[in-house]
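The chains referred to below are lettered A, B, ... by the order of the sequence lines, with proteins before strands, and numbering in each begins at 1.
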Amino acid sequence: MAKQLNVFIENKPGRLKAVTGVLSDAKININAFTIQDRGDFGLIKFIVSDPEKAYLSLADKGYACAMKDILVISPKDKIGNLCRLSEILLKNKINIADSYGFVIESEKKGICYLELNADDLKKAKRILDKEGFKVLD
Amino acid sequence: MIWNKEMECMDLENLKNIQSERLKKTAEYVYKNSPFYKKKMDQKGVHPDDIKSIDDIVKLPVTIKEDMRDCYPFKLFSAPLKEVSEIHVSSGTTGNFTVVGYSREDIRLWAEVMARALACAGAEPGDMIQIAYGYGLFTGGLGFHYGAMEMGLTIIPVSSGQTKRQLKLMNDFKPKILACTPSYCLYMAEEAREIGMDPRKSSWQIGSFGAEPWSESMRKEIESTWDMTATDVYGLSEITGPGVAHECAYKKGLHIFSDVFYPEVIDPKTLKSVKKGETGELVITTLNKKGMPLLRYGTRDVVSINYERCACGRTSPRISKILGRTDDMIIVRGINVFPSQIEHVLLSIEGIKPHYQLVVDRRAGELDELEVVVEVEEKIFSDEMKSLRALEEKIKKEIGSTLGIFAKVKLVEPKTIERSEGKAKRVIDKRAL
């Protein structure tokens with residue numbers, strides 16, 4: 001299962017720089033990130049080359065962070081694919097807590113990150129696998 | 001008018017005799033009826049017989065806020081509970097309230113001093129008063145109510161809040177006097193303008209404002225905004241609530257009704273009296289209360305006292321506006337808030353650290369705003385936005401239900417609140433008080 005790193009940051013200049021600085025110093029590569037904003041503060045979500053090490057480096061510097069299992073799949077980039085994906089989850093009563101995605105190669109490959117309830121993770125992985133979605137580690 | 005000329009304008013020698021008489025009686029009364037004071041006086045080696053004049057007051061033990069806490073709920077009452085006719089509470093320093101009990105005579109006394117206070121403000125029997133202090137456990141509303149009854153005013157007991165209704169009642173009934181916190185008065189001006197009302201045309205001519213510190217510039221603002229006279233009222237529930245002291249038309253200090261509430265000013269470190277006119281902590285002894293008389297109660301308010309006779313004719317000494325506090329209590333929208341109370345609340349919530357800061361601000365024409373800045377914990381930090389939001393809501397709710405005040409909550413990263421070597425800087429007060 002892929003790991004996502006959630007870091008609590010205040011919404012003010014320099015915070016993203018500070019957090020990524022820690023990762024950079026620890027020679028950790030960022031594969032994907034997104035920021036959720038809530039006015040005064042926000043959450044940065046990272047997918048990194050070495051989540052374990054990234055977590056320890058950040059915690060060491062006193063950041064409030066957490067590591068979380070998430071599902072990463074690589075669907076084909078084609079019309080209706082996200083709709084099909086969500087339909088499958090819906091049929092199985094699996095709620096998507098949060099998600100972000102993008103296309104890597106146009107009309108070929110995309111990446112979709114899915115945050116689900118911890119209990120649903122394995123089930124979703126199995127189902128999506130069966131339905132032909134490529135699940136990444 | 002002067003409500004009780006005999007007492008308020010008495011020559012100082014006679015006043016001293018009365019104070020001496022009353023202090024003797026109070027010392028005897030509490031020694032006999034309050035195990036708390038008997039123990040305190042015995043420990044200090046002072047007997048009621050040692051109190052021969054008001055000057056002997058320094059022999060008596062002081063009472064502090066912590067005593068109120070330790071005696072929760074009724075152990076400071078000198079009168080038996082069945083003779084206590086009313087109970088009020090205000091904030092304590094931690095989880096418990098500060099409880100005060102009034103006998104029937106104490107309520108009459110409260111009405112008397114509040115009538116004196118209203119007369120200081122310029123009220124006359126037959127005037128109409130809009131009481132926009134909160135009614136209930138808070139002493140503001142009922143204190144003014146009793147005084148207004150005593151004086152024979154027409155009372156609109158509207159209580160606090162519901163600004164549009166306040167303005168409508170003012171507009172339709174035309175009360176001459178307004179009693180509320182000064183910041184609420186300014187807030188109402190904003191609302192008035194919003195509904196197309198000209199504050200300068202209001203019926204209010206006199207305001208009795210208190211329950212929170214305010215400045216001379218705020219007075220000017222209120223007076224020019226509403227075209228009214230703004231006077232300052234002082235009180236604290238431990239002593240009686242509002243009606244301990246009030247400004248007269250000359251606005252040169254607040255007359256303290258010293259035949260009832262005897263004031264001293266002490267150095268809070270040495271507990272010794274300061275020189276006449278110097279600044280220190282105001283200590284008050286109630287001279288003829290029965291329910292819960294207090295000996296030398298440390299108010300933690302910093303003032304100076306002017307003993308000169310006032311141009312208004314009153315001889316009662318005048319305390320300055322409150323110049324500060326000896327503790328870290330802040331008053332937000334008229335509600336006493338101790339940082340320790342907030343700490344108490346925060347400690348009970350998982351996911352945050354007891355590192356916090358209180359930021360108080362009052363933007364022009366707005367009510368006080370309290371923001372609680374809290375650090376999230378590194379380890380068990382909630383990793384989802386919804387749980388962070390829930391954490392925020394929980395803190396807000398807990399503070400609301402414990403302190404009775406709305407606070408904004410700001411979550412910040414660990415170790416971002418400034419640490420200091422000694423006492424943590426818990427309060428940042430941005431208000432120009």
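Contact of E375(B) with chain A is not made at all, since no heavy-atom distance falls under 4.5 Å.
For F33(A), the CZ atom counts as loosely surrounded, since its 6.0 Å shell holds 12 or fewer non-hydrogen atoms of other residues, nucleotides or ligands. For I79(A), the CD1 atom counts as loosely surrounded, since its 6.0 Å shell holds 12 or fewer non-hydrogen atoms of other residues, nucleotides or ligands.
R389(B) pairs by the salt bridge (Lys or Arg N to Asp or Glu O under 4.0 Å) definition with nothing, not counting sequence neighbours. For E216(B), the salt bridge (Lys or Arg N to Asp or Glu O under 4.0 Å) test picks out R219(B), with sequence neighbours left out.
Looking at F41(A) and M385(B), their side chains come closer than 4.5 Å, going by heavy atoms from C-beta outward.
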Determine all donor-acceptor pairs shorter than 3.5 Å in which one atom belongs to a side chain in residues 117-134 of chain A; sequence neighbours excluded.
| residue | atom | partner | partner atom | Å |
| --- | --- | --- | --- | --- |
| K123(A) | NZ | N92(A) | O | 3.2 |

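Considering OG1 of T416(B) and NZ of K12(A), their distance stands at 6.0 Å, rounded to 0.5 Å.
Checked by atom type and distance alone, the side chain of E413(B) pairs as donor or acceptor with a backbone atom of E10(A) at under 3.5 Å.
The two residues G62(A) and K415(B) have their closest heavy-atom pair at CA-NZ, 4.1 Å.
For residues 181-189 of chain B, an interface with chain A (any heavy-atom pair closer than 4.5 Å) does not exist.
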